[in-house]
Amino acid sequence: MRIHIIGGGNLGIALAKGFLRSESDHHITITRRNIQHIAHMADMGIRLSRSNTDGIALTDVIILTVKPHQAIEVLNEIAPHIRHKLLLSAVTGLSASEITAVVGEEVVVVRIMPNIAAQYGESATCVAVNGHHEASAPAIALLEEIGTVIPIEEKLMDAATVLGACGTAFALRYIRASMQAGIEIGFDAHTALSIASQTAKGAAVMALFEQTHPEQLIDRVTTPQGCTIVGLNEMEHQGFSSSLIRGIRTSLLKIK
């Protein structure tokens, strides 16, 4: 597949690297004004360009990963060149109808929200196809190469941004805190990070595979008068769950 990524920031680069890791033979272009910042990507076989329209008429799918304040200008620029194309937008806060109003009805617009774990094939990518079920099938197949695809209603896309994209930072903050605690109780930093990261990964894999409420999994680890339950209770006394919930809600309010 010929993939044209507009916006060579952290997310655009993560997507490109993720597609390269897949077994498919993709041809990838990334556009960015300051192309020198991503010059190393050329060594990976990725085509780089300063022009958003360079080769776009020959591409199969366009992925928009620019900042929200840049999006309308970019859409106006590429609109004459993308008739009958598939456009995936990872732009926060810009609806499919707003995009279609610029590029026209002949463009299939699909809103997506991946995260930077796409680089390792582990993105939780939320997708709103907005009625384009058949036409968006190639997009779904492509996104499945970089992780899990979760269909959602478009009205939940802002919430998906917070839970699935910002959520990467929230999860990493937990791992950092666990690492710091590990150092305090006797481990060196490298060992503490390894234990904290793998433990978090293992817990996530359990939740994904078993598809059960986390508390049921927690019950397997806690024993009467054990060290796990006292640790959990102390965290709750200090507002662990409530602070995380409030943080997620605050991030969503910022978007809206």
[atom1] of [X] to [atom2] of [Y]: how many Å apart, nearest 0.5 Å?
X     : Y      : atom1 : atom2 : answer
Ile28 : Leu20  : CD1   : CG    : 4.0 Å
Met44 : Ile30  : CE    : CD1   : 9.0 Å
Thr92 : Lys256 : OG1   : NZ    : 11.5 Å
Asn76 : Asn52  : CG    : CG    : 12.0 Å
Ser49 : Arg32  : OG    : CZ    : 13.5 Å

Glu234: partners by salt bridge (charged side-chain N to carboxylate O under 4.0 Å, His left out), with sequence neighbours left out: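 Not a single residue meets the salt bridge (charged side-chain N to carboxylate O under 4.0 Å, His left out) criterion with Glu234.
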Take atom CG in Asp219; do more than 12 heavy atoms of anything else shown fall under 6.0 Å from it?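 More than 12 heavy atoms, drawn from other residues, nucleotides or ligands, come within 6.0 Å of this atom.
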Hydrophobic cluster identity match, [X] and [Y], side-chain contacts under 4.5 Å:
X      : Y      : answer
Ile78  : Leu88  : no
Ile3   : Ile146 : yes
Ile112 : Val107 : no
Leu48  : Ile5   : yes

Does the side chain of [X] reach to within under 4.5 Å of the side chain of [Y], using non-hydrogen atoms?
X      : Y      : value
His27  : Met1   : no
Glu145 : Arg21  : no
Val66  : Leu64  : yes
Arg2   : Val61  : no
Ser22  : His26  : yes
Ile183 : Phe187 : no
Thr29  : Thr31  : yes

Decide yes or no on side chain to side chain donor-acceptor pair (under 3.5 Å) for Glu154 and Ser95, but give the supporting numbers first. CA-CA 8 Å; Glu154 188 181 3; Ser95 70; 4.7 Å; no
Asn130: side chain to side chain donor-acceptor pair (under 3.5 Å) partners, not counting sequence neighbours: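 Result, side chain to side chain donor-acceptor pair (under 3.5 Å) vs Asn130: none returned.
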Side chains of Glu236 and Ser241: any donor to acceptor distance under 3.5 Å?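 Glu236 and Ser241 do have a side-chain donor-acceptor pair below 3.5 Å.
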